[in-house]
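Remarks on the structure that follows.
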Protein chains: 4
Amino acid sequence: MKHENKRQEILTAAMRCFLRSGLKGASTAQICSEAKISPGHLYHYFESKEAIIGALSEAYLQTAAERFRSAVGGDRSVINAILSEMDMQAKGSQPAKLALMYEVFAESARNPEVAKILRTYDLSRRSVMAEVLRHGQRRGEIDPKLDPEAGATAVIGLVDAAKAMTLRASRSDLKKVQDTFKSVLTGLLRSPTQKATKSTPPFRSRP
Amino acid sequence: MKHENKRQEILTAAMRCFLRSGLKGASTAQICSEAKISPGHLYHYFESKEAIIGALSEAYLQTAAERFRSAVGGDRSVINAILSEMDMQAKGSQPAKLALMYEVFAESARNPEVAKILRTYDLSRRSVMAEVLRHGQRRGEIDPKLDPEAGATAVIGLVDAAKAMTLRASRSDLKKVQDTFKSVLTGLLRSPTQKATKSTPPFRSRP
Amino acid sequence: MKHENKRQEILTAAMRCFLRSGLKGASTAQICSEAKISPGHLYHYFESKEAIIGALSEAYLQTAAERFRSAVGGDRSVINAILSEMDMQAKGSQPAKLALMYEVFAESARNPEVAKILRTYDLSRRSVMAEVLRHGQRRGEIDPKLDPEAGATAVIGLVDAAKAMTLRASRSDLKKVQDTFKSVLTGLLRSPTQKATKSTPPFRSRP
Amino acid sequence: MKHENKRQEILTAAMRCFLRSGLKGASTAQICSEAKISPGHLYHYFESKEAIIGALSEAYLQTAAERFRSAVGGDRSVINAILSEMDMQAKGSQPAKLALMYEVFAESARNPEVAKILRTYDLSRRSVMAEVLRHGQRRGEIDPKLDPEAGATAVIGLVDAAKAMTLRASRSDLKKVQDTFKSVLTGLLRSPTQKATKSTPPFRSRP
DNA sequence: CATGAATGAGTATTCATTCAT
DNA sequence: TATGAATGAATACTCATTCAT
């Protein structure tokens, strides 16, 4: 298992490099020196730089999925769980991380292995979200007329869009933008009973 | 003028290369041979590879803005105009183009010049969209309670999210996903009068 | 003569560039833009960059020779004239100018044309100096036993060495070093009558 | 140790290239092929071409200093030791080496790292020479009134000037010129006792 | 398991010079 | 006399990868 440990060390070192310099910007030499191994030795653990990127993407996406699963696993209102997930995604998104994510997306258009990983992740993410929505419907928190699968897609799209905004909206706009997104999300999900009593969302002008 | 023409030729050649190989993947040598000029001659027209990327980004974003402005300029319903813009964005998005866009986003996190271009574009896009929403409100098509600025942000976020989906959702899911987004959008914008008579949107389960 | 004028303009522009960036460091493009002509047009006036360097060296050395000739031409003591020439050379020597001179020397070891120019200049400089020394001997200022030709060489060597010091000695040492050189020079040249009454030169320790 | 050996091999190969083509004239490609290594491998041993120049300068100046120190270390007359050092410097100076030295001087005006190396060398050279002069004074060979520090500067200036002459004086003049310099040097250094019995130096005309 | 020497094609960019107009 | 488009070899340097030890 020593092998596996070292592999993990290298992966985290590589992640630090990728965050610092980007996917193509980080060289294997950088990664090796960050991981304190010799350049040749890297290839004892990984077939190529691409393989490192693949492994890293997979690991990252898996932990992201697990984190989300546990986040919505608790007792609290499903909508609140989703909203707080959106918050966390947006707040935990340093520009470097987002840039890296975008590079991985770009990579997926040219590197089929990465594309496959990304596809798998999206499917699992969607099925988890659909499950969560069904759970919410059973508890009467989510509009029972909402199709869980399609709703899941919409939610994920909104969460990702909110995340993306952190890179492009100016810091001062960010809060407003994210509140808007939360309102859209809430409007989309909330059951009719709750909708009747809804407060004016922030993107409405003064009544 | 001859200078400007050649500059444009080089830009389109460069775009072909970037689409094929990515932002860092395309070399100046590739660009030169695609443009059928000698490697040195490139620098007669552009200061650097970065300058090419900058010019290309700017041109792309400008035409995108103009296209949208003319799309919503006509007589038809504002909501329909926005929906069809979303369609066009989504349908015109070959994976390669999207990947490139993602790379530019990533670039913007590390290259302040690109960041500035992107920021400017986003602002102009938002102000145009807000103007469109106000127009729709005057015509009674758009919910008068909607704050135009925040609404514009939400719309743009949704359009971009729909676009992004084309890279990650499988082809078979795509239509459903996009319909979902359109419904969310319609729900967000439509005036109460129209909302009363709304048809069941596609992301509702069969009643 | 318009041709000749433009040629001169280009030469002075080139000199500015060479001073700024060095002999190999200055590009023909830089020179052209400094001279406000097109890159092609440069070759209407000069066969090559080397030819510019050659012309520039020749012009510079000629004016240097003329300046010296007129400096020692006056009425004052020959030794003082030489000492003040040494001062002027040393003080007028910005690092950039000296560096350029060194580069020309280096060039002369590889470029026969420059070597020839330099050789010619040295010979003329030496013959002028020898003439000056003979003049001083006639006036009883210079040791009559000094061989004018060999003495001229020694003087020139000392003047050049003093000049060279400005690039390498720290600013605080410079005055002392140059005084030393002046003393050596004076000791070498002064007639015995004057030597009998000489003041202790600065490079003697306290008696 | 193998690393250090290879480093040295590369340095000598680089020196051959620099002597042949000059500091800017020699390309890293030339150096690599002279050292029989691949172009990339050079950077395993040196950070940059500049670093090679720096290492080379330092090594050269150090051995020069050591050589001189041992030359004056023996039993013989201090003045003779200095004169023979002058001879060696002058005779060992192929034009190519001198040209290179000049280029390094020029470089020092634009490259602070080279300037620092040069400055250090000059200081150490001066302090060694001053020590030698003091030694000569103790042995009654050198004029006790001479200030060792200033005298050292003068001596070094003369030695360098003599060296410089080899590049510019025609071969036939060279001996005469160097004899002149030796006489100047001897006159500067010799103690009064010896001066009383001095032979007519070569730069005096026949009496 | 580990090193680090070695590769060689590849990188963006520069340059003196030529040529058509 | 003048332009500036065009060249293409050259520049210093980087990189993912291989291999002998």
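Chain naming here is simple, since letters A, B, ... match the order of the sequence lines and numbering starts at 1 in each. We use all heavy atoms of the structure for the numbers below, so side chains are in, but hydrogens, waters and symmetry mates are not.
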## Note on the structure
Here the pair of heavy atoms bringing C:S21 nearest to C:Q30 is OG-OE1, 3.1 Å

### Task
Give me the first and last nucleotide of DNA chain E, going 5' to 3', that has any atom under 4.0 Å from a heavy atom of chain B.
E:dT11 to E:dC15

### Set of side-chain hydrogen bond (donor to acceptor under 3.5 Å, both in side chains) partners for A:S33, sequence neighbours left out
none

#### Entry: B:E34 bridged to B:R20 by N-O distance under 4.0 Å
yes

### Query
ring pair (Phe, Tyr, Trp, His ring centres under 6.0 Å) with B:Y45: which residues, sequence neighbours excluded?
B:H3, B:H41

### Task
Quick one: label C:A26 by what it contacts on the DNA or RNA (base, sugar-phosphate, nothing), any heavy atom closer than 4.0 Å.
sugar-phosphate

### Residues B:M15, B:L11; criterion side chain to side chain contact (heavy atoms under 4.5 Å, CB included); working and verdict
CA-CA 6 Å; B:M15 181 54 107; B:L11 280 178; over 6 Å; no

### Message
Side chains of D:E66 and D:Q62 only: does a donor on one sit below 3.5 Å from an acceptor on the other?
### Response
no

### Query
Donor-acceptor pair, C:K49 side chain versus C:L23 backbone, under 3.5 Å?
yes

### Query
Among residues 27-40 of chain A, which contact DNA chain F at a heavy-atom distance under 4.0 Å?
A:S27, A:T28, A:G40

### Residue whose closest nucleotide on DNA chain E lies nearer the 5' end, B:K24 versus C:E50
B:K24

### Query
So, for D:A64 and D:Y121, which heavy atoms are closest and what is the spacing to 0.1 Å?
CB-OH, 3.9 Å

### Query
Quick one, which residues of residues 41-48 of chain C touch DNA chain E with a heavy atom under 4.0 Å?
C:Y43, C:S48

### Task
Starting from the first five and the last five pairs of the helix from E:dA2-F:dT21 to E:dT21-F:dA2, work out the angle between the resulting helix axes, to 10 degrees.
20°

### Electrostatic pair B:K36:B:E9 at N-O distance under 4.0 angstrom
no

### Task
Kindly indicate, with the supporting measurements, whether the criterion salt bridge (charged side-chain N to carboxylate O under 4.0 Å, His left out) is fulfilled by C:R110 and D:E103.
CA-CA 12 Å; C:R110 279 182 275 269; D:E103 269 187 302; 2.9 Å; yes

### 5′-ward residue of the pair D:H3/C:G25 relative to DNA chain E
D:H3

#### Entry: Test side chain to side chain contact (heavy atoms under 4.5 Å, CB included) applied to B:I10 and B:R7, step by step
CA-CA 5 Å; B:I10 293 172; B:R7 222 184 105 103; 5.9 Å; no

### Over all atoms of both residues, closest heavy-atom pair of B:A13 and B:I31
CB-O, 4.4 Å

### Task
Might you confirm whether atom CD of A:E4 has over 12 heavy atoms from other residues, nucleotides or ligands at distances under 6.0 Å?
yes

